[in-house]
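One structure is given here, and the rest of the page talks about it.
Excluded from the calculations below are hydrogen atoms, water molecules and symmetry mates; all remaining heavy atoms, backbone and side chain alike, are included.
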Amino acid sequence: MPHGTKPASGAGADTVEEADERRCLGIVERAYRGALEKQFFDELYLSVEMHRQLGGLDLLLRGQAVCYAAASATVPELRFGKATVTTLSDHRRDLVTLLENGVRVLAEESSLAAYLPGGAARLTPGVVPVADGELAPRWPDYRLVFFI
């Protein structure tokens with residue numbers, strides 16, 4: 001991809017768009033592993049707010065965080081003795097909310113290969129796979145780059 005361009009959002013996004021100087025890049029490397037503690041706020045919820053408040057966000061999923069983008073992800077129940085918790089976070093639903101709000105969600109290919117059996121074929125529609133290191137040369141095109 002040429003310098004100064006970014007992947008277009010949407011399924012099958014082989015095209016590129018001109019860089020938008022207002023957009024920011026958020027990078028998520030670690031999947032949230034808590035369940036009961038989290039109930040209402042995590043990095044995906046934060047990303048929705050950052051997109052809204054900062055005027056645009058591209059979100060790069062790396063490492064185990066690519067599992068957030070699994071199209072077939074389900075939320076299991078959690079049992080403690082006779083008690084069952086059914087209010088656990090649904091990261092796939094949160095990721096779809098990001099996409100619906102205009103966040104460009106990208107997933108690093110080596111992480112897909114390592115942590116998501118089936119790789120890019122199992123991604124939620126709208127999530128764009130990117131080669132490792134593809135975005136690093138374009139960091140100066142973003143208004144802000146931060147790790148979430």
Side-chain angles (χ1 to χ4, degrees), residues 1-76 78 85 87-148:
M1 233 176 254
H3 180 74
T5 59
K6 294 182 184 161
S9 59
D14 299 10
T15 61
V16 294
E17 300 173 356
E18 289 299 316
D20 180 353
E21 292 292 331
R22 297 191 59 215
R23 291 187 83 82
C24 301
L25 175 63
I27 301 169
V28 179
E29 292 186 321
R30 294 178 183 250
Y32 188 83
R33 294 172 23 166
L36 294 176
E37 309 86 27
K38 187 263 170 196
Q39 297 299 308
F40 67 95
F41 190 90
D42 66 6
E43 59 270 10
L44 297 180
Y45 182 83
L46 175 64
S47 296
V48 170
E49 283 303 304
M50 294 180 91
H51 174 68
R52 185 180 66 78
Q53 293 182 24
L54 296 174
L57 180 69
D58 289 353
L59 185 66
L60 175 62
L61 303 175
R62 295 176 13 176
Q64 291 180 342
V66 298
C67 295
Y68 288 157
S72 60
T74 59
V75 180
L78 185 59
V85 179
T87 58
L88 300 177
S89 301
D90 184 346
H91 297 296
R92 183 184 180 282
R93 182 197 64 221
D94 296 342
L95 188 88
V96 169
T97 298
L98 286 170
L99 292 165
E100 289 172 347
N101 282 287
V103 175
R104 293 179 192 144
V105 180
L106 313 161
E108 202 165 70
E109 290 174 343
S110 68
S111 298
L112 290 171
Y115 298 108
L116 190 61
R122 289 211 32 228
L123 286 175
T124 296
V127 177
V128 179
V130 294
D132 294 15
E134 181 177 334
L135 293 180
R138 295 199 321 250
W139 284 14
D141 297 336
Y142 287 98
R143 186 166 56 121
L144 296 169
V145 176
F146 46 85
F147 289 82
I148 301 174

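Between Y68 and D94, the closest side-chain pair of non-hydrogen atoms is not below 4.5 Å. At least one side-chain heavy atom of S47 sits under 4.5 Å from a side-chain heavy atom of I148. For the pair T124/R92, a side-chain contact is recorded, criterion being any heavy-atom separation below 4.5 Å from C-beta on. Here the side chains of L59 and L44 are in contact, with some heavy-atom distance below 4.5 Å.
L57 and H51 get closest at one heavy-atom pair: N-ND1, 3.0 Å. Closest heavy-atom contact between R30 and E43: O-OE2, 3.8 Å.
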Is there a side chain to side chain contact (heavy atoms under 4.5 Å, CB included) between I27 and R62 once you walk through the steps? CA-CA 7 Å; I27 301 169; R62 295 176 13 176; 3.9 Å; yes

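Taking E100 as the reference, nothing meets the side-chain hydrogen bond (donor to acceptor under 3.5 Å, both in side chains) condition, with sequence neighbours excluded. When the salt bridge (charged side-chain N to carboxylate O under 4.0 Å, His left out) test is applied to R93, no partner is found at least two apart in sequence or on another chain. Residues meeting the side chain to side chain contact (heavy atoms under 4.5 Å, CB included) test with L144, sequence neighbours left out: C24, L54, F146. Scored by the side chain to side chain contact (heavy atoms under 4.5 Å, CB included) test, A69 finds L61, L95, L123, V127 as partners (sequence neighbours excluded). Applying the side chain to side chain contact (heavy atoms under 4.5 Å, CB included) test to V48 and every residue at least two apart in sequence or in another chain returns T97, L98.
With rounding to the nearest 0.5 Å, the separation of CZ in R143 from CG in L25 is 12.5 Å. Rounded to the nearest 0.5 Å, atoms CD (E49) and CG (N101) are 9.5 Å apart.
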Below 3.5 Å, can you tabulate the donor-acceptor pairs from side chains in residues 109-118 to any protein atom, sequence neighbours excluded?
{"from": "S110", "atom 1": "OG", "to": "D132", "atom 2": "OD1", "distance (Å)": "3.2"}
{"from": "S110", "atom 1": "OG", "to": "D132", "atom 2": "OD2", "distance (Å)": "2.5"}
{"from": "S111", "atom 1": "OG", "to": "G63", "atom 2": "N", "distance (Å)": "2.7"}

